[in-house]
Amino acid sequence: MTGLAHDYLDLDSLLSPEERALRERVRGFVDERIRPHIAAWYEAAHFPRELVPELGALGLLGMHLHGHGCPGRSAVEYGLAAMELEAGDSGLRTFVSVQGSLAMSAIAKFGSDDQQRRWLPGMAAGELIGCFGLTEPTAGSDPASMRTTARRDGDGWVLDGAKRWIGLASIADVAVVWARTDDGTGTIRGFLVPTATDGFTATPITGKLGMRASIQCDIALDGVRVGDDALLPGATGLTGPFSCLNEARYGIMWGAMGAARDAYEAALRYALERRQFGVQIAAFQLTQQKLVDMVLEIQKGVLVALHTGRLKDAGRLRPQQISFGKLNNVRTAIAICREARTVLGGNGITLEHAPLRHANNLEAVRTYEGTDEIHTLIMGRSVTGIPAFGGAA
Ligand code: TGC
Ligand code: FAD
């Protein structure tokens, strides 16, 4: 292994000392608290809930939000943290993403002062957990077709419907639920539903072939009665939830490169040790081509993420530009992880090595927060001016 093996173009030189220091802190946490246990957690389909307060203490929950106990770090720092966490496992990055970018973002962007005071400090500390319910059994890529309703009832609201694939719901204290109101226009609004409310049930989805060290649930909303103080006052229409998706999609473009880097490094280490036909397999031209292709794509993907982060920190990032990084980096990361698995031969099929675990996780990552197809169509609409989502688009 040479000096160029880990950062070929010296992209580190594009980071400030503070950014590098934060990255090293998260990397150290992943090495110490996640790496030694992740294979066992993954096999047992176990989410290590005990890490949640530690993630809070590290300042990783709602880390780019300001006020109410949130750390107020930059978008680039958030991205670097996401990259390190996902080098450990996508399940841990997705926890931080759902808690910080989705649930906390919704409260920070659209909540009242009272709502922010009630929920954000505890969520930033990891004492309270939030989830974000947009997707439904029959409304995935097309949230505009959601059927969950919010009916005015005296001073409050009654929610009825179902949500599917909702991260953390069974361990959450509060659910951000998006529902169609009966105000005559059917406008979509967001509600902060304490999960202990009668009629709210979350059931973990089992049998997953990826994202096993994390929790996703079916939610049933059966006459869930909440007060008017549960309504997020600042969000009207789909722009509300979509603005939160922007935050999560941004983090994902960094995270995917973390998984890819970890898979590449596993392949490189193995190729330098493993011998066949009397030589290290790293001495085969075909193996070197695989490793070099990985280096090319990881470095390009990190550059895309870093540039996107700098645009975000400058307040110049447009949602359509986030689709570039989400689509490119996740698609690329899956290809890298699968190629890395081939370098490991049969041993790569086991949980002893990370690449196939990462690839399986990334199947979920490429699906949530907008599938490859949806981000292609968002970019296609931006390039041509023509929506091609089908239906009434
Ligand atoms: P469309 O007509 O395009 O837009 C409706 C309104 O929303 C506005 N808007 C946005 N605002 C902010 N950010 C964005 N990215 C926005 N995209 C659209 C838009 O301007 C419009 O506003 P207004 O005022 O004119 O009404 O909406 P559409 O219904 O045609 O949908 C377009 C499409 C397909 C792009 C959208 O539905 C979509 O993105 N679908 C994908 C769904 C998705 O990503 N779901 C994610 C669920 S959460 C999750 O997966 C968590 S994973 C865990 C983790 O993050 O780790
Ligand atoms: P569908 O929308 O049914 O898509 C099926 C296929 O059809 C896909 O290939 C899709 O790209 C394609 N397709 C759909 N529309 C078009 C089109 N117009 N043109 C071309 N192709 C199209 N949701 C939440 O709200 N909160 C969460 O916390 C959350 N966490 C998740 C965690 C995991 C692990 C997973 C797997 C999902 C999670 N989701 C969450 C849901 C996720 O956002 C949806 O799975 C995703 O939006 C896709 O919806 P769908 O699964 O219903 O697929």
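Just so you know, ligand 1 is whichever comes first in the structure, and atom 1 is the first atom listed for that ligand.
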Check: [X] side chain, [Y] main-chain N or O, donor-acceptor pair, under 3.5 Å:
X    : Y    : answer
S382 : I378 : yes
R366 : R331 : no
Q99  : G130 : yes
E339 : M294 : no
S243 : T239 : yes
R212 : E43  : yes
D228 : G156 : no

Quiz item: Nearest heavy-atom pair of D222 and D160: which atoms, and what distance?
Solution: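 Closest pair (atom of D222, atom of D160, distance): C-OD1, 3.7 Å.
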
Quiz item: Tell me, which pairs form a side-chain hydrogen bond (donor to acceptor under 3.5 Å, both in side chains) where one or both residues lie in residues 268-283, sequence neighbours left out?
Solution: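 Qualifying pairs, neighbours excluded: Y270-N347.
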
Please verify whether a non-hydrogen atom of [X] lies at under 4.0 Å from ligand 1.
X    : answer
G140 : yes
G237 : no
Q320 : no
P143 : yes

Exercise. Select the closest option to atom 45 (N) of ligand 1 among L245, L377, T367, judged by heavy-atom distance.
Key: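 Checking each option, the heavy atom nearest atom 45 (N) of ligand 1 is found in L245.
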
Would you mind running through ligand 1 and noting each atom that sits below 4.0 Å from a heavy atom of [X]?
X    : result
I378 : 35 (C)
A144 : 29 (O)
S141 : 34 (C), 37 (O), 38 (C), 40 (N), 41 (C), 42 (C)
T135 : 47 (C)
L102 : 51 (C), 55 (O)
R93  : 56 (O)
A248 : 55 (O)
V98  : 53 (C)

Practice problem: Examine R151 relative to W157 and say whether NZ or CZ is less than 6.0 Å from the centre of the six-membered ring and inside a 45° cone about the ring axis. | Solution: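 Because its charged atom misses either the 6.0 Å distance or the 45° angle limit, R151 does not stack over W157.
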
With a heavy-atom distance limit of 4.0 Å, tell me whether [X] approaches ligand 1 through its side chain, its backbone, both, or neither.
X    : answer
W165 : neither
V365 : neither
I322 : neither
Q216 : neither
N246 : side chain
P319 : side chain

Table of N or O contacts for ligand 2, cutoff 3.5 Å:
residue, atom, partner, partner atom, Å
ligand 2, 2 (O), S141, N, 2.9
ligand 2, 2 (O), S141, OG, 2.6
ligand 2, 11 (O), T371, OG1, 2.7
ligand 2, 11 (O), E373, OE1, 2.7
ligand 2, 18 (N), F389, O, 2.9
ligand 2, 23 (N), T135, OG1, 2.7
ligand 2, 25 (O), L134, N, 3.0
ligand 2, 25 (O), T135, N, 2.8
ligand 2, 25 (O), T135, OG1, 3.1
ligand 2, 26 (N), F132, O, 2.9
ligand 2, 28 (O), G167, N, 3.0
ligand 2, 30 (N), W165, O, 2.8
ligand 2, 49 (O), S141, N, 3.4

Before accepting this row, confirm whether a basic side-chain N of the pair [X]/[Y] lies closer than 4.0 Å to the acidic partner's carboxylate O.
X    : Y    : answer
D12  : R23  : yes
D262 : R35  : yes
R357 : D89  : yes
R73  : E19  : no
R117 : D114 : yes
E136 : R164 : no

Quiz item: Is there a nitrogen or oxygen of D142 sitting under 3.5 Å from a nitrogen or oxygen of ligand 1?
Solution: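 In this structure, D142 places no N or O atom under 3.5 Å from an N or O of ligand 1.
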
Quiz item: Taking both backbone and side-chain atoms of G370, is any N or O found less than 3.5 Å from an N or O belonging to ligand 1?
Solution: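 Checking ligand 1 against G370, an N or O pair does fall under 3.5 Å apart.
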
